[in-house]
S.K.: 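First, the structure itself, so that you have it in front of you.
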Amino acid sequence: MSNQTPAPPQRRRTERPRISVVLPAYNEAGNLPALLERLLPVLRRTAAAHEVIVVDDGSRDDTPLVLAPYVRRGAVMHLRLSRNFGKEIALSAGLDQAAGDVVCLMDADGQHPPELIPELLARWSDGADMVYTVRTRRDDEGPLKRLGSALFYRAIRSLSGVDMPRDAGDFRLLDRCVADALCNLPERNRYMKGLYAWVGFRSTAVPYTPDARSHGSSHYPMARLVRLAFDGLTAFTTLPLRVWSALGAGFALGALLYAVYLLVEHYIEGHPLPGWTTLAVGLMFFSGVQLISIGILGEYLGRVFEEVKRRPLYLVEERRGQGLTSTGSAGVRAA
């Protein structure tokens, strides 16, 4: 029995589709009002109908208070998760709620300009199923972060077989068929940038320059970015396991050749066998290699463990406001 999802029927693309905008937000009370004041007029001009879904990812600031006036006006749906699940999960929660013909994903910090949405829609009208934005500048990032980003994209593109565009973030426009495909993916390790590329479909890029952040600072410190990159690699390639298998084979061959050398030196040239120094150094070195390889294996086993538990991907504490469709006030998503 085939597990392939049938191709969606072709739909006629209108100039003014119904648009869902998903904004994952964590402690963005200082940025949301200004962003919404820019976003809502753009949607009124370009969409036949629209909804803005703010996914409150367990914020501890005044996010509910600043959203309340917009919710009362019917302009915004406030989806509050029961705790902080992370941006990748918050994006998935927003996609589950989105009911538009197209879905636009944006950050809530104001760095993704809403004024670019008409251009994204124009590319969609021309036939693209996914329109992603590519940063033209990274002047706000340090040299270490830029180098790490370049190495990561090169590694994942060459090792995983997934053509992930460099410098493409979450700011993108998805056709309904792409949004449905992403919602149907069952895994819990939701590295979204990789999933965007994995589902395929016709895609095109739009260059842009991010706006300056008005309030607060990035919620992604270097350590968290490194963890996210490692999650991406382990989600789309088994190369780390293969690398350590090859290293293990190489070390074993080297140890065998060294043993032959010592025996030859002892029995032919009469030299005494080396003492405890060689033995102690060798034991410590190979013990470290074994622990690292066990740790990498544990990372993959941990991901299997997370998948087989079958817990809901997220929990919704409260839902306020009306979107294009209304399905209730709270819920869960079991992937």
Side-chain angles (χ1 to χ4, degrees), residues 17-40 42-44 47-110 112 114 117 170-174 176 178-186 188 190 192 195 219 310-335:
R18 301 190 311 159
I19 301 178
S20 299
V21 178
V22 175
L23 300 174
Y26 178 66
N27 293 339
E28 297 290 357
N31 293 309
L32 279 169
L35 173 60
L36 292 173
E37 292 299 327
R38 295 170 59 191
L39 173 62
L40 292 172
V42 173
L43 296 178
R44 285 193 287 267
H50 65 269
E51 63 180 359
V52 178
I53 305 169
V54 179
V55 183
D56 184 353
D57 192 21
S59 297
R60 299 179 180 180
D61 61 359
D62 293 331
T63 294
L65 293 178
V66 302
L67 288 177
Y70 298 95
V71 172
R72 287 194 296 267
R73 285 158 42 189
V76 168
M77 179 197 299
H78 179 199
L79 190 72
R80 182 172 177 82
L81 304 186
S82 61
R83 65 172 177 85
N84 179 242
F85 287 89
K87 182 182 178 183
E88 312 298 300
I89 303 301
L91 285 168
S92 297
L95 284 170
D96 286 341
Q97 295 290 327
D101 301 320
V102 295
V103 182
C104 183
L105 307 178
M106 301 176 61
D107 286 350
D109 57 9
H112 294 163
I117 290 178
D170 293 312
F171 185 21
R172 60 187 63 214
L173 188 80
L174 311 177
R176 183 74 257 167
V178 181
D180 289 342
L182 290 169
C183 291
N184 288 332
L185 295 178
R188 285 159 173 74
R190 308 287 291 185
M192 296 301 293
L195 295 181
H219 300 300
R310 303 299 296 173
R311 289 175 181 168
L313 191 60
Y314 58 84
L315 298 174
V316 178
E317 178 181 321
E318 182 183 15
R319 175 183 170 182
R320 296 186 298 147
Q322 300 295 320
L324 292 175
T325 60
S326 180
T327 59
S329 59
V332 300
R333 200 264 203 176

S.K.: Do the non-hydrogen side-chain atoms of Leu95 and Leu174 ever get within less than 4.5 Å of each other?
M.R.: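 Yes. Closest side-chain heavy atoms under 4.5 Å.
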S.K.: Partners of His50 by side chain to side chain donor-acceptor pair (under 3.5 Å), sequence neighbours excluded?
M.R.: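 Result, side chain to side chain donor-acceptor pair (under 3.5 Å) vs His50: none returned.
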S.K.: Name every donor-acceptor pair, under 3.5 Å, that has one atom in a side chain of residues 70-77 and the other anywhere in the protein, sequence neighbours excluded.
M.R.:
from: Tyr70; atom 1: OH; to: Glu37; atom 2: OE2; distance (Å): 2.7

S.K.: Parallel, tilted or perpendicular: which describes the rings of His112 and Phe171, with under 30° parallel and over 60° perpendicular?
M.R.: parallel
S.K.: Are the side chains of Arg319 and Gln97 in contact, using a 4.5 Å heavy-atom criterion?
M.R.: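 Of all side-chain heavy-atom pairs linking Arg319 with Gln97, at least one is under 4.5 Å.
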S.K.: How long is the straight-line distance from CD of Gln322 back to CD of Glu51, given to the nearest 0.5 Å?
M.R.: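 With rounding to 0.5 Å, CD (Glu51) is 10.5 Å from CD (Gln322).
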S.K.: If only atom types and distance count, is the side chain of Arg320 paired as donor or acceptor with the main-chain N or O of Leu67 below 3.5 Å?
M.R.: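 Not confirmed, Arg320 side chain does not pair with Leu67 backbone.
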S.K.: State, yes or no, whether a side-chain contact exists between Leu91 and Leu182 at a heavy-atom distance under 4.5 Å.
M.R.: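 No; the side chains remain at least 4.5 Å from each other.
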S.K.: So which atom in Met192 and which in Ser92 form the shortest heavy-atom distance, rounded to 0.1 Å?
M.R.: SD-OG, 3.8 Å
S.K.: If we ignore hydrogens and angles and just use 3.5 Å, is the side chain of Ser20 paired with the main-chain N or O of Val103 as donor and acceptor?
M.R.: no
S.K.: Which heavy-atom pair separates Asp61 from Ala29 by the least distance, and what is that distance?
M.R.: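 Shortest heavy-atom contact: OD2-N, 3.0 Å.
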S.K.: Could you give the distance from CG (Leu43) to CZ (Arg18), rounded to the nearest 0.5 Å?
M.R.: 14.0 Å
S.K.: Apply side-chain contact (heavy atoms from CB on, under 4.5 Å) to the pair Leu23 and Leu35, showing each step before the final yes or no.
M.R.: CA-CA 10 Å; Leu23 300 174; Leu35 173 60; 4.1 Å; yes
S.K.: Out of the candidates Asn27, Thr63, Asn84, only one should pair with Asp57 under the side chain to side chain donor-acceptor pair (under 3.5 Å) rule; please name it.
M.R.: Asn84
S.K.: Do Val54 and Glu28 come close enough that some side-chain heavy atom pair is under 4.5 Å?
M.R.: no
S.K.: Using 0.5 Å steps for rounding, measure from the CG atom of Leu36 to the CZ atom of Arg38.
M.R.: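 Atom-to-atom, Leu36:CG and Arg38:CZ are 11.0 Å apart.
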S.K.: Could you work out, with side chain to side chain donor-acceptor pair (under 3.5 Å) as the rule, every residue matching Asp107, not counting sequence neighbours?
M.R.: Lys87
S.K.: Distance check, rounded to the nearest 0.5 Å: Leu39 atom CG versus Arg44 atom CZ?
M.R.: 9.5 Å
S.K.: With rounding to the nearest 0.5 angstrom, report the CD1 to CG distance, Ile89 to Leu81.
M.R.: 9.5 Å
S.K.: Work out which heavy atom in Ala108 is nearest to a heavy atom in Asn31; give both atom names and the distance.
M.R.: O-CB, 3.5 Å
S.K.: Are the side chains of Glu88 and Pro24 in touch, meaning some heavy atoms are under 4.5 Å apart?
M.R.: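 No, too far: nothing below the 4.5 Å cut-off.
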S.K.: For a 4.5 angstrom cut-off between non-hydrogen side-chain atoms, does Asp101 reach Arg176?
M.R.: no
S.K.: What pair of heavy atoms forms the shortest contact from Phe85 to Leu315, and how long is it?
M.R.: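 What the structure gives for the nearest pair is CZ-N, 3.6 Å.
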